[in-house]
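Written below as structure tokens is the structure these notes are about.
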Protein chains: 2
Amino acid sequence: MAITHAILASLVGDKPCSGYDLAKQFNSSLGFFWKASHQQIYRELARMEKKGLVMSEVVQQEDRPHKKIYRVTDEGTQYLVEWIALPTEPSPVKEDLLAKFHVGYHVPIHIIIDEILRRRKIHEEKLKLYYEREREYFPDVAQMSMKAKFRYLNLRRGITHEASWISWFDEALALLGGAAVE
Amino acid sequence: MAITHAILASLVGDKPCSGYDLAKQFNSSLGFFWKASHQQIYRELARMEKKGLVMSEVVQQEDRPHKKIYRVTDEGTQYLVEWIALPTEPSPVKEDLLAKFHVGYHVPIHIIIDEILRRRKIHEEKLKLYYEREREYFPDVAQMSMKAKFRYLNLRRGITHEASWISWFDEALALLGGAAVE
DNA sequence: ATTGAATATGCACTTATTTGCATATAGTTT
DNA sequence: AAACTATATGCAAATAAGTGCATATTCAAT
């Protein structure tokens with residue numbers, strides 16, 4: 001996915017913010033569909049401003065360095081809406097772990113088992129975090145605004161994604177004879 | 001994931017082959033963890049040969065253009081095995097559809113519904129293909145070599161991945177009031 | 001004969017990403 | 001006082017990845 005679209009979606013969908021804020025939003029819903037370094041973000045924001053998709057305003061702060069707050073222009077909004085209407089292909093999977101599994105029988109099995117256990121823990125913690133957020137922010141699924149529904153679905157995608165990893169890890173452990181988990 | 005690792009894994013795990021063959025293997029198990037254009041592959045193979053990770057042999061063919069068969073060197077194998085032992089982080093998700101959902105309430109709902117239905121069909125077809133391959137190549141899960149187990153698990157990862165997408169699409173359709181599927 | 005498909009390779013250009021460096025303010029910790 | 005953390009921005013260089021174009025052979029179809 002082009003970083004342009006991710007930034008536009010974030011600025012339109014949340015409030016106008018600085019590059020620093022964008023870089024931080026890896027924790028929030030933005031992190032479900034996009035990650036990038038702050039260097040990428042600053043550069044991309046500058047490019048987008050040159051193209052007229054966003055505009056910035058320098059905000060002087062007393063206790064912190066000044067910052068540039070970016071907001072989406074009408075042109076930017078239109079560009080985003082047009083992009084949404086275009087069909088989207090599934091993003092290609094590039095997963096290290098699967099490449100390792102492809103030749104996994106060439107290394108001692110404990111290396112693979114350890115790696116599965118390590119990765120499983122990472123995904124489990126993420127899943128737990130997502131469940132907590134689900135309980136906290138979306139307690140009443142029946143009563144939600146359109147915006148909330150979409151945010152909820154993105155969170156649900158994170159949940160199904162992590163859950164499918166975990167069930168696969170368990171399958172792998174069972175087949176490869178790894179220890180039971182916890 | 002670095003394309004280097006994917007190519008090495010493919011050459012070690014399957015048989016030595018040409019860049020053209022590698023590019024075609026998008027259909028087979030290779031496609032679960034890696035996609036690239038033939039241009040990328042040829043360039044990367046050339047680089048890897050310069051580094052000594054692979055070596056090539058030109059094979060003259062009577063009925064087709066000549067081709068270069070690449071095989072992994074001892075150095076390449078060692079490099080791959082060392083890489084496998086390194087821990088692997090989950091690959092960052094960059095999914096267009098989630099960015100679109102982030103601002104989905106800004107466009108008419110039928111655009112989103114249509115896109116869900118279209119994407120659902122793609123994932124369903126892939127899942128069907130994977131199930132067929134599972135029946136065909138792995139009929140007896142209890143009796144498998146180590147190599148077969150790893151191949152089976154990669155296929156299973158493809159299956160859990162696609163299945164999690166489909167269940168999410170159904171959830172989205174239910175919440176957004178889309179038509180029942182088929 | 002010419003077009004098209006499959007096999008087979010690759011250069012050149014462009015874009016994307018990563019890494020290292022650099023700067024600046026202010027508060028907190030040692 | 002010096003070091004560290006958090007906020008805030010950005011350039012430069014290197015590496016990686018992606019797109020467009022170009023070439024060559026053979027067979028099959030029109």
Side-chain angles (χ1 to χ4, degrees), chain A residues 1-8 11 16-27 31 33-51 53-70 89-96 99, chain B residues 1-8 10-11 16-27 30-31 33-51 53-70 79 83 86 89 91-96 99:
Chain A
M1 172 172 55
I3 196 174
T4 311
H5 301 131
I7 290 178
L8 276 178
L11 288 176
C17 64
S18 67
Y20 187 82
D21 294 328
L22 281 170
K24 267 201 309 180
Q25 281 172 20
F26 291 164
N27 314 316
F33 59 83
W34 175 61
K35 301 225 169 206
S37 65
H38 70 270
Q39 291 92 335
Q40 271 178 278
I41 293 164
Y42 287 124
R43 189 181 3 163
E44 189 59 31
L45 283 170
R47 270 187 209 150
M48 288 163 73
E49 187 163 30
K50 209 175 279 178
K51 281 190 199 168
L53 299 175
V54 295
M55 53 190 279
S56 67
E57 182 193 356
V58 175
V59 176
Q60 295 295 337
Q61 297 177 116
E62 273 165 34
D63 53 341
R64 311 216 167 284
H66 72 278
K67 60 180 174 180
K68 280 192 201 165
I69 297 293
Y70 285 91
E89 293 317 301
S91 71
V93 175
K94 299 204 171 181
E95 183 63 54
D96 292 42
Chain B
M1 173 173 54
I3 197 173
T4 312
H5 301 131
I7 290 178
L8 276 178
S10 187
L11 289 176
C17 64
S18 66
Y20 187 81
D21 293 329
L22 280 171
K24 266 201 310 182
Q25 282 172 22
F26 291 164
N27 313 316
L30 181 56
F33 58 83
W34 175 60
K35 301 228 167 202
S37 66
H38 70 270
Q39 292 94 331
Q40 277 177 273
I41 293 165
Y42 287 122
R43 186 183 19 181
E44 189 59 30
L45 282 170
R47 269 186 209 152
M48 287 164 73
E49 187 163 29
K50 209 175 278 177
K51 282 190 199 167
L53 300 175
V54 296
M55 52 190 281
S56 68
E57 183 192 357
V58 175
V59 175
Q60 295 293 339
Q61 296 178 118
E62 274 165 33
D63 54 339
R64 312 219 166 282
H66 72 279
K67 62 178 172 182
K68 278 192 203 165
I69 297 293
Y70 285 91
Y79 175 83
W83 173 72
L86 296 175
E89 294 316 301
S91 70
V93 174
K94 298 203 172 181
E95 183 63 54
D96 293 40

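Every chain is numbered from 1 and lettered A, B, ... according to where its sequence line falls, protein lines coming before strand lines. What's counted below: heavy atoms across the whole structure, side chains too, no hydrogens, waters or symmetry copies.
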Can you find a side chain N or O atom of A:Lys35 that sits less than 4.0 Å from OP1 or OP2 on C:dA16?
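Answer no for this pair, as no side-chain N or O of A:Lys35 is under 4.0 Å from OP1 or OP2.
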Does A:Gln40 put a side-chain nitrogen or oxygen below 4.0 Å from OP1 or OP2 of C:dT17?
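The answer is yes; a side-chain N or O of A:Gln40 sits under 4.0 Å from OP1 or OP2.
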So which heavy atom on [X] is nearest to which on [Y], and how close?
X       : Y       : result
B:Leu53 : B:Leu8  : O-CD2, 4.2 Å
A:Gln60 : A:His66 : OE1-CB, 3.6 Å
A:Thr4  : A:Met48 : O-CE, 3.8 Å
B:Gly19 : B:Tyr42 : CA-CE2, 3.7 Å
B:Leu30 : B:Leu22 : CD2-O, 3.8 Å
A:Tyr70 : A:Leu11 : O-CD2, 3.7 Å

I'd like a table of atom pairs between the protein and nucleotides 2-4 of chain C - only N or O on both sides, under 3.5 Å - with the distance next to each one.
none

Measure the distance from [atom1] on [X] to [atom2] on [N] and round it to the nearest whole Å.
X       : N      : atom1 : atom2 : result
B:Ile41 : C:dG10 : CD1   : P     : 12 Å
A:Ile3  : D:dA16 : CD1   : C1'   : 15 Å
A:Leu22 : D:dT7  : CG    : C1'   : 15 Å
A:Met48 : C:dT15 : CE    : P     : 16 Å
B:Lys24 : C:dA5  : NZ    : P     : 17 Å

Determine yes or no for a side-chain-to-main-chain donor-acceptor pair under 3.5 angstrom, with A:Glu44 supplying the side chain and A:Ile7 the backbone.
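No, A:Glu44 side chain to A:Ile7 backbone: no donor-acceptor pair under 3.5 Å.
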Checking A:Pro90 now: which residues fulfil side-chain contact (heavy atoms from CB on, under 4.5 Å) with it, not counting sequence neighbours?
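Checked A:Pro90 against side-chain contact (heavy atoms from CB on, under 4.5 Å); matches are B:Arg119, B:Ile122, B:His123.
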Using the side-chain contact (heavy atoms from CB on, under 4.5 Å) criterion, which residues pair with A:Arg64? Sequence neighbours excluded.
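Result, side-chain contact (heavy atoms from CB on, under 4.5 Å) vs A:Arg64: A:Gln61.
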Where along nucleotides 9-14 of chain D does protein come under 4.0 Å, by heavy atom, of base (B) or sugar-phosphate alone (S), with - for untouched nucleotides?
BBB---
How far does the helix from C:dA1-D:dT30 to C:dT30-D:dA1 bend, going by the axes of its first and last five pairs, to the nearest 10°?
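That helix gives 10° between its end axes.
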Measuring from B:Ser18:OG to B:Lys24:NZ, what's the distance to the nearest 0.5 Å?
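Rounded to the nearest 0.5 Å, the OG-NZ separation comes to 8.0 Å.
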Taking salt bridge (charged side-chain N to carboxylate O under 4.0 Å, His left out) as the definition, give me every residue that meets it alongside A:Arg43, ordered by chain and number, with sequence neighbours left out.
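None.
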Report the nucleotide, chosen from C:dA8, D:dT19, D:dT7, that has the shortest atom-to-atom distance to any side-chain atom of B:Pro65.
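Closest nucleotide to the B:Pro65 side chain: C:dA8.
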Considering heavy-atom distances to DNA chain C, does B:Arg64 or B:Pro92 have its closest nucleotide positioned more toward the 5' end?
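Counting from the 5' end, the first nearest nucleotide belongs to B:Arg64.
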